[in-house]
Amino acid sequence: MPATVGEATGTPPVVSTRERHRALWGSAIGSTIEWYDYFLYGTMATVVFNTQFFPSDDPVVSSLLAFASFALAFVIRPVGGVIFSHIGDRIGRKKTLVITLTLMGVATMLMGVLPTYEAIGVVAPVLLTLLRLVQGLALGGEWGGGLLLAVEYAPSNRRGFYGAVPQVGALAGLALGSIMTITARWILPAEAFATFGWRIPFLLSGVLLIVGLWIRHRIDETPSFRKVKAAGSTQRLPIATVLRDRWREVLISTGAKFVETSTFFIFATFSISYATGLGYDFTLILAFVLVGSALGVGSMLFYGGLSDRIGRRKVFLGGSVAVTIFIFPYLAMLNSGSVALAGLAIIVSFTIVWPTYGSLIGTVIAENFAPEIRYTGASLGYQVGAAVVGGPAPLIATALLAMFSGSWIPVAVFVVVCAAVSFVAVSFVQVRHNQDLDV
């Protein structure tokens, strides 16, 4: 039976353990499906879209165009965040999550049936880019709702762990997409994969969509939103309240996002294209990504739980320092020509380094905002940060390589700058672990 709120007294909802676990699973599985859809594009941009949708005499130009279309979705994500977070703060988290999951799934399936440039000319990349923008809109609204589904159901002393669960969806979605792509590459000859095999992972999104919608239908509204509704404190225009009263928190959230989003797409998207260009086998590099992302799931849950004990700021800042040190040997190991060193670099990046802040970014941001504007405030800060450096990260890294004659040092410096921005931003974050989220 759903938890209830005493409307007259304002008493908090009584939430059962079963409800918490159901919400946690719903958050994790829904997030995994969304990120699976989203990351497929990044993976295929390096081996399919660059040649079949953005053909050019220069392979670098084709890659840049493919990565540019990849980055465009990040530009639209803040728009999706504002639109769907308005619904989430006004009507509810649950309804919003059903809409965003449907949009993402349908856009991904349509990518799987698009004709290529050879078949319909310039219309092909235009349609692909439009569908990518729909993905961006959907994820812009999905992230905040999926996060709050976990965080707002969490006990105060386990909020870091619960908040890490939807973030795990990023690695789980990346792993699932890698499995599907590797399987298709392994089963099919190279020509068959290039012709139709790459479409299979996109079309399978339809099955995942049905599963995700069934799970989300069974979840009740979050306790925090039920309290807001009972108290009659929903905001008529949440975005106006956020920009007027909580703009500092939005800036802090945006800055905190820099290191998490830039390094993820350097590790997960740029590195696949870069390593393949260095002569490594594409399937082998993707397998390393798969192993690292799978092992990283446990690491993220560990760091989330650790933040409940020692504080989120300490764990996050420690990770920001770690990546500034790690990024130089990471890129050097990729350039070594050694398959073992390249694999070790990729696996360590996802297993040890990125989870230190990747597991906490959602909880750190959510704790900055009151429940009646939390969806809007958290989504705005997170998505603006992703738009500024996350989506463009592979494009920036590729452009830096071209500008500096293949030297990876400028790419490392770019990551260090992003980490420094986040270090400063998180230094100003409120310390809220083990405190009531809605007080």
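From a predicted model like this one, the values you see are computed outputs, not experimental measurements.
Shortest non-hydrogen contact noted between F326 and A345 is CZ-O, 3.6 Å. Closest non-hydrogen pair, A124 versus P115, comes out as CB-O, 3.4 Å. Here the closest heavy-atom approach between residue V134 and residue L103 is recorded as CG1-O, 4.0 Å. Contact record, P166 with L147: CG-CA, 3.9 Å, taken as the closest heavy-atom pair.
Between T181 and F282 there is a side-chain heavy-atom pair separated by less than 4.5 Å. Contact check for F258 versus S422: side-chain heavy atoms found under the 4.5 Å cut-off. Proximity of E367 to R312: side-chain heavy atoms (C-beta onward) are separated by under 4.5 Å at one or more points. The side-chain heavy atoms of Y36 and I33, taken from C-beta on, include no pair separated by under 4.5 Å. Using a 4.5 Å cut-off on side-chain heavy atoms (C-beta onward), L101 and L209 make contact. Put simply, the side chain of I91 does not reach to within 4.5 Å of the side chain of T234, judged on heavy atoms. Under the 4.5 Å side-chain criterion, counting only non-hydrogen atoms from C-beta, R20 is in contact with P155. Side chains of L380 and L243 form a contact here, defined as non-hydrogen atoms less than 4.5 Å apart.
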(request) For E19 and R22, run salt bridge (charged side-chain N to carboxylate O under 4.0 Å, His left out): C-alpha distance rounded to whole Å, both residues' side-chain angles, the deciding distance at 0.1 Å, then the answer. (result) CA-CA 5 Å; E19 282 184 287; R22 182 183 294 170; over 6 Å; no

(message) Determine whether F414 and V417 satisfy the following criterion, side chain to side chain contact (heavy atoms under 4.5 Å, CB included), listing intermediate values before the conclusion.
(response) CA-CA 5 Å; F414 165 68; V417 171; 5.8 Å; no

(request) Decide yes or no on side chain to side chain contact (heavy atoms under 4.5 Å, CB included) for I272 and V289, but give the supporting numbers first. (result) CA-CA 9 Å; I272 296 174; V289 172; 4.3 Å; yes

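F350 and F264 have perpendicular rings, their planes meeting at more than 60° on a 0 to 90° scale where under 30° would count as parallel.
For F49 and W198, the distance between ring centers is under 6.0 angstrom. Under the 6.0 Å cut-off for aromatic ring centres, W143 and Y382 qualify, their centroids lying closer than that.
At least one donor-acceptor pair closer than 3.5 Å links the side chain of T254 to the backbone N or O of G381. Remark: side-chain polar atoms of R199 are paired, donor with acceptor, to backbone N or O of G112 under 3.5 angstrom. Checked by atom type and distance alone, the side chain of E221 pairs as donor or acceptor with a backbone atom of R93 at under 3.5 Å. Judged by distance alone, with hydrogens and angles left aside, the side-chain atoms of K94 form a donor-acceptor pair with the main-chain N or O of I219 at under 3.5 Å. No donor-acceptor distance shorter than 3.5 angstrom exists from the side chain of S273 to the backbone of T269, with no hydrogens or angles considered. For S299 (side chain) and T351 (main-chain N/O), a donor-acceptor pair under 3.5 Å exists by modelled atom type. Side chain of Y303 to backbone of Y357: no donor-acceptor contact under 3.5 angstrom is found. With hydrogens and angles disregarded, a donor-acceptor distance shorter than 3.5 Å links the side chain of S293 to the backbone of L290. Judged purely by atom type and a 3.5 angstrom limit, T324 uses its side chain to pair as donor or acceptor with the backbone of V321. T96 contributes a side-chain N or O that, together with a main-chain N or O of G88, makes up a donor-acceptor pair within less than 3.5 Å.
Side-chain N/O atoms of S27 and Y153 include no donor and acceptor closer than 3.5 Å. Checked by atom type, the side-chain pair S271/Y330 shows a donor-acceptor distance below 3.5 Å. Side-chain atoms of E142 and T100 include a donor-acceptor pair closer than 3.5 Å. Remark: the E372 side chain and the S233 side chain contain no N/O donor-acceptor pair separated by less than 3.5 Å.
A cation-pi contact, defined as under 6.0 Å to the ring centre and within 45° of the axis, is absent between R374 and F369. Annotation: cation-pi pair R132/Y41 present, NZ/CZ under 6.0 Å from the ring centroid and within 45° of its normal. Annotation: cation-pi geometry not satisfied between R158 and Y162 (NZ/CZ under 6.0 angstrom from ring centroid, within 45° of ring axis).
Shown here is E118, whose CD atom has no more than 12 heavy atoms of other residues, nucleotides or ligands within 6.0 Å.
Screening T363, L360, V429, T356 against F316 for a side chain to side chain contact (heavy atoms under 4.5 Å, CB included) leaves a single residue, L360.
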